[in-house]
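Just below is one structure, and these are the notes that go with it.
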Number of protein chains: 2
Amino acid sequence: MSSTSPDTPTRILQATLSLLEKTDAKLPTMSDIAKASGVSRQAVYLHFPSRTDVLVAATRYQDQTNDVNTALASSRSAQSGIERLDAFVTAWGNYIPRIYGVARAILAVVDTDAEAAEAWNMRMADMREGCAAAVQALVADGTLPPDTDPEQATDLLWTLLSVRTWENLTQTCGWDQACYLATVRGLALATLGQDMGALRDVLAHSKDPA
Amino acid sequence: MSSTSPDTPTRILQATLSLLEKTDAKLPTMSDIAKASGVSRQAVYLHFPSRTDVLVAATRYQDQTNDVNTALASSRSAQSGIERLDAFVTAWGNYIPRIYGVARAILAVVDTDAEAAEAWNMRMADMREGCAAAVQALVADGTLPPDTDPEQATDLLWTLLSVRTWENLTQTCGWDQACYLATVRGLALATLGQDMGALRDVLAHSKDPA
DNA sequence: CTGTCAATTGACACAGTGTAAAGCAACTCT
DNA sequence: AGAGTTGCTTTACACTGTGTCAATTGACAG
């Protein structure tokens, strides 16, 4: 299937992704995208009505080729709530670096572009469902601390796992991925899992953040 | 002193702040700023070389009039490390809503504008010193969990107190400020303070997040 | 041979930033 | 009072980037 070159829309998306993945800050213009795709600038408009649409389509294409859901599915098969939480945190935490280049581009235009904001919010809503499911599993186990509102716990987990948090710790503070992951796992379990014994078991085969 | 109208640069900054504080998303253009300041667009360029400079100067002006340092100073007079941490988290957590409008504007251009990024990073570096000082106070008390690297604890606290985290919880998730503050205080203390007894004391006169 | 489709070229409108220059009104200095 | 200075205005322009439009080309299918 890679023998014959893919159709133009696909080539544009692939070129856009490759542009976004090189982290040299500057966001690509339509001309950049066209040049990288090997087509004229107008040809891009033939397939995507606006720059935002290209970016949004690129994220969808990436999600599709990376198959997020498969990555996150493993957490659904976990036994206990704690294990499920940990599996979800781990899966998502390891997925973020793969999407960061594109996420950065979208996030940069989210403040000014309603359509981009919409697209990003939908994507994050999907992820939030994973958080909600993990919290529900904790509730079912009775592992969530009794004075904790599930809704609020979901918000908290969702914030902890946000791309911004990942960005802050790994990009700005310079943590490596392993350290990020260990910390975030520990934090999620410490915050949402009251059963400290189970917590210790899960953390046992995980390196310490330090 | 408010009897005579302030000089033009000041009026521009004040007008910019008032534009930024109405949270109707769209960032003001130079024309918007000029109009709101009651001067011509070119007059703005007479005092500030670029749009970014206006935004940056506006944040400085705001910090100056709000006197951040005074607000954060209270944390320095705290007795124990735990109390100091809590005072710092509370002071900063309550300061964020006051600067959010402007912060949003700066953050929106940070991804595309190196100068804005520089200005924002400096501002956040100041805040980070407060985090570092609070962590140091914990270290001095021996209250920081023994396996925790102070540097890393600072990063974590800094991330927890980031504007993005505040934005996520209060703006996107719709938490009210009291709820945000209670949660963040609890999280900071639970994560960085190992002395659970002292923690409970501090949390005693604070409403529960729920 | 003729349509049709994909893409190209070139031109244009529009918004927003930033530069430049000429003019104008008020204030100060001596 | 005259001269210069300061602060601002008006007008014009260059430049970048987005998005639209129309005419043209090349290839392929019926």
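Side chains are part of it too, since the values below use all heavy atoms of this structure and drop only hydrogens, waters and symmetry mates. By convention in this document, chain letters (A, B, ...) are assigned in the order of the sequence lines, proteins followed by strands, and residues within each chain are numbered from 1.
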When every nucleotide of nucleotides 8-15 of chain C is labelled 5' to 3' by its protein contacts under 4.0 Å (heavy atoms), B for base, S for sugar-phosphate only, - for none, what sequence of letters results?
BBB-----

Kindly write out the residues that satisfy side chain to side chain contact (heavy atoms under 4.5 Å, CB included) with B:Ala153, not counting sequence neighbours, or none if the list is empty.
B:Val135, B:Leu144, B:Thr148, B:Leu192

Find the distance B:Arg51:CZ to D:dC15:C1' and express it as a whole number of Å.
17 Å

Nearest-angstrom distance from the residue atom CZ of A:Phe48 to P of C:dA6:
14 Å

Round to the nearest Å and state the distance from B:Lys35 atom NZ to C:dG16 atom C1'.
13 Å

Please enumerate all residues that pass side chain to side chain donor-acceptor pair (under 3.5 Å) together with A:Thr8, with sequence neighbours excluded.
A:Arg11

Kindly indicate whether the side chain of B:Leu156, heavy atoms from C-beta on, has any atom under 4.5 Å from the side chain of A:Leu169.
yes

Can you list, by residue number, the residues of residues 13-20 of chain A that have a non-hydrogen atom closer than 4.0 angstrom to DNA chain D?
none

For A:Asp32 and D:dT16, give me the distance from atom CG to atom C1', rounded to whole Å.
12 Å

Which pairs with one or both residues in residues 106-115 of chain A pass salt bridge (charged side-chain N to carboxylate O under 4.0 Å, His left out), sequence neighbours excluded?
none

Among all residues two or more places apart in sequence or in another chain, which pass the side chain to side chain donor-acceptor pair (under 3.5 Å) test with A:Thr65?
none

Strictly by modelled atom types, are A:Asn168 and A:Thr165 linked by a side-chain donor-acceptor pair under 3.5 Å?
no

Can you sort out the partners of A:Thr10 under side chain to side chain donor-acceptor pair (under 3.5 Å), two or more places apart, ordered by chain and number?
A:Asp7

Indicate whether OP1 or OP2 belonging to C:dA6 is found under 4.0 Å from a side-chain N or O atom of A:His47.
no

Side chain to side chain contact (heavy atoms under 4.5 Å, CB included) with A:Ala15: which residues, sequence neighbours excluded?
A:Ala36, A:Ser37

Between P on C:dA6 and CZ on A:Arg11, what's the gap in Å once rounded to a whole number?
13 Å

Rounded to whole Å, please give me the gap between CD1 in A:Ile33 and P in D:dG17.
12 Å

Looking at residues 109-118 of chain B, who's got a heavy atom less than 4.0 Å off DNA chain D?
none

With A:Glu151, which residues qualify under salt bridge (Lys or Arg N to Asp or Glu O under 4.0 Å), at least two apart?
A:Arg128

I'd like to check the side chain to side chain donor-acceptor pair (under 3.5 Å) partners of A:Ser80; sequence neighbours left out, ordered by chain and number.
none

Any side-chain hydrogen bond (donor to acceptor under 3.5 Å, both in side chains) involving residues 91-108 of chain A? Give me the pairs, sequence neighbours left out, ordered by first then second residue.
A:Asp63-A:Tyr95, A:Asn94-A:Gln177, A:Tyr100-A:Glu167

